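Note on naming: letters A, B, ... go to the chains in the order of the sequence lines (proteins, then strands), and numbering restarts at 1 for each one. Keep in mind that this is a model prediction, so the values were computed, not measured.
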Amino acid sequence: MKRLAQIVTVLSLAVCLGAAVFRFLDMASYASYTTILGISSVVYFIAATSWAEMRG
Amino acid sequence: MSSTLTDVVSRMDKLYEFDREEVKAENLHSGSKFAGVFAGEHVAATEFVIGAFFVLHGVSLVDLLVGLAFGNLLAVLSWTFICAPIATRVRLTLYWYLRRIAGPGLTVVYNIANAVMYCILAGAMISISATAVGLGFGIPVPPLDAVYPNSVGWIILAFLIGAGFTTLAILGFERLSRFAAVCSPWIFAVFIAGALAVLPSLGVHRDLGNLWEVATTRIWNGQPSPGQERFGLWHILFFAWFANLAMHIGLSDMALFRYAKRWTYGLYSAFGMYPGHMLAWICSGVMVAAANRAMNPGLMAYQAAGLAGIGAVLLAGWTTANPTLYRAGLALQIVTPNWPRWKVTLVAGAITTVLACFPVFFLKLLDYVAIYGLVLMPIGAIVFAEHWILPKLGIQQYQAEKKGWVFNWNAAIVWVGTLVICYYMPIHLFFRWLPGYFISLIAYVVLQRITDSKRG
């Protein structure tokens with residue numbers, strides 16, 4: 001579980017940045033970009049908080 | 001009067017009792033821990049404002065890059081060569097070391113000054129968060145020259161956010177500190193994502209071929225906004241250097257570095273300075289340029305990153321106001337006998353909330369950061385002189401401790417005198433602390449020499 005939380009934390013941050021790259025390249029609308037950013041942020045907090053709890 | 005002061009000093013000693021002992025070898029921390037602490041602490045709500053203000057002050061791109069690179073380097077070197085060596089030699093917090101040097105009475109005064117500074121800083125964080133929440137309710141952000149709140153809505157908003165932050169700080173500081181560590185990487189990612197996403201709106205091509213041209217003509221174009229003074233290289237360099245003056249030159253971070261294995265661990269501060277005080281400031285500059293230079297952190301973050309941007313401003317404000325409120329409460333606890341921690345935090349939160357209603361503290365944040373560092377800087381100079389210079393000149397060290405002084409009047413005179421001289425210096429506020437530092441050093445050595453030879 002700890003490993004999973006770790007991987008999801010890093011991946012969700014990568015998706016946040018990836019969404020911005022897509023927006024920069026004009027391959028995503030503002031609405032799509034902010035929606036993906038919002039969802040990946042929520043996923044990040046769930047995973048990162050779990051990871052932090054598991055680390056104690 | 002004397003018994004009151006003795007009571008206060010005794011309460012303060014009890015409060016800091018837990019860190020009275022020197023740190024033992026088995027409790028020292030690894031370098032990666034220091035890198036993590038610095039990386040987490042220096043991506044705060046204020047970063048949204050500071051980088052944006054550089055744009056409004058008409059900084060040119062070259063001045064910005066060179067100023068931030070060298071200013072942050074000087075900050076890292078200050079931690080490495082000034083703060084960390086003393087901390088790793090004495091293994092005490094500034095509080096306990098200053099007590100030996102300045103006497104318990106002056107240490108109380110220092111603590112209260114620190115508490116007031118912390119409350120103002122936390123108030124600025126709340127104001128910045130208010131710009132994010134206010135966006136959803138259509139509450140206008142006060143103009144750049146505002147001192148007082150410009151609407152009842154702003155007051156209500158600042159009050160509610162301040163009350164919320166204070167309540168959460170009362171409910172659990174430790175848990176929130178752990179949550180803050182979780183937030184930092186995400187807030188930093190939102191800075192980068194926001195800046196990247198708004199680049200096309202400034203005219204940057206997909207191949208980044210005209211990035212430099214856009215940066216020099218549409219972002220850091222050397223043109224200040226109306227009513228703003230123009231900043232050059234030296235302003236930026238000095239700002240980056242003194243942004244954490246109280247921590248490195250002022251030696252507050254002795255509390256952190258007393259756990260370092262070696263003084264060279266000061267170099268780990270670069271993990272906070274370059275991402276937080278260079279990259280994040282550059283990102284917020286890009287975002288404010290895309291928001292037509294509107295000094296509204298909430299609006300610029302929303303335009304750049306949607307609701308995640310709003311969340312980043314709010315969380316950055318919350319996670320940095322929280323430890324600031326805690327520290328202010330800790331410092332105030334000395335004058336509130338037998339009060340439980342929640343009550344002291346409530347008082348610190350109430351003061352902070354009132355201050356947050358006044359937009360001047362976040363709209364004049366750059367000046368406030370300069371004043372904050374300046375006010376506490378002479379104490380750093382006094383401790384540095386006592387630690388390194390007095391023994392070299394054969395002057396007795398720790399006279400306050402050895403002779404049982406409640407107040408080291410030499411230190412008090414140097415502290416107040418330096419601030420008075422700095423106030424009248426005919427140079428820009430940002431530059432005053434440096435001559436002030438040397439004035440403090442020299443004046444303290446001279447006064448201690450006189451006292452030593454008189455009483456010796």
Engineer: Between Ala195(B) and chain A, which part of the residue has a heavy atom less than 4.5 Å away: side chain, backbone, both or neither?
Structural biologist: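 Neither part; nothing is under 4.5 Å.
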Engineer: Only pairs of heavy atoms separated by less than 4.5 Å count here; which of Gly311(B), Ala312(B), Ala189(B) has the most with chain A?
Structural biologist: Ala189(B)
Engineer: Shorter than 4.5 Å, heavy atoms on both sides: which option in Ala181(B), Ala308(B), Pro185(B) has the most such pairs with chain A?
Structural biologist: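 The candidate making the most pairs under 4.5 Å is Pro185(B).
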Engineer: Would you say that Leu208(B) contacts Phe24(A) through its side chain, given a criterion of any heavy-atom pair below 4.5 Å between the two side chains?
Structural biologist: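 Heavy-atom side-chain distance check passes, below 4.5 Å.
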Engineer: Check whether any side-chain heavy atom of Val182(B) sits under 4.5 Å from a side-chain heavy atom of Tyr44(A), and report yes or no.
Structural biologist: yes
Engineer: Nearest 0.5 Å, what's the CG-OG distance between Leu307(B) and Ser41(A)?
Structural biologist: 10.0 Å
Engineer: Check whether Phe22(A) gets within reach of chain B through its side chain, its backbone, both or neither, counting any heavy atom under 4.5 Å.
Structural biologist: neither
Engineer: What part of Ile187(B) gets closer than 4.5 Å to chain A, counting heavy atoms only: side chain, backbone, both or neither?
Structural biologist: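 It is neither, since no heavy atom gets under 4.5 Å.
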Engineer: With a sphere of 6.0 Å drawn around CG of Asn292(B), does it hold more than 12 non-hydrogen atoms of other residues, nucleotides or ligands?
Structural biologist: no
Engineer: Is it true that, when you exclude Tyr302(B) itself, more than 12 heavy atoms of the residues, nucleotides or ligands shown sit nearer than 6.0 Å to its OH?
Structural biologist: no
Engineer: Going from CG on Leu196(B) to CG on Leu25(A), what distance comes out if it is rounded to the nearest 0.5 angstrom?
Structural biologist: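 CG of Leu25(A) is found 8.0 Å from CG of Leu196(B).
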Engineer: Aromatic rings Trp186(B) and Phe45(A): how do their planes relate, parallel, tilted or perpendicular, breaks at 30° and 60°?
Structural biologist: perpendicular
Engineer: Could you check whether any side-chain heavy atom of Pro200(B) comes within less than 4.5 Å of a side-chain heavy atom of Asp26(A), counting everything from C-beta outward?
Structural biologist: no
Engineer: Side chain, backbone, both or neither: which part of Val42(A) has an atom under 4.5 Å from a heavy atom of chain B?
Structural biologist: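 Val42(A) has no heavy atom closer than 4.5 Å to chain B.
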Engineer: If you compare all heavy atoms of Ala193(B) against all heavy atoms of Leu37(A), which two are closest, and at what distance to 0.1 Å?
Structural biologist: CB-CD1, 4.5 Å
Engineer: For each of Ser12(A), Ala31(A), Ala20(A), Ala28(A), tally heavy-atom pairs with chain B at distances under 4.5 Å, and name the one with the top tally.
Structural biologist: Ala20(A)
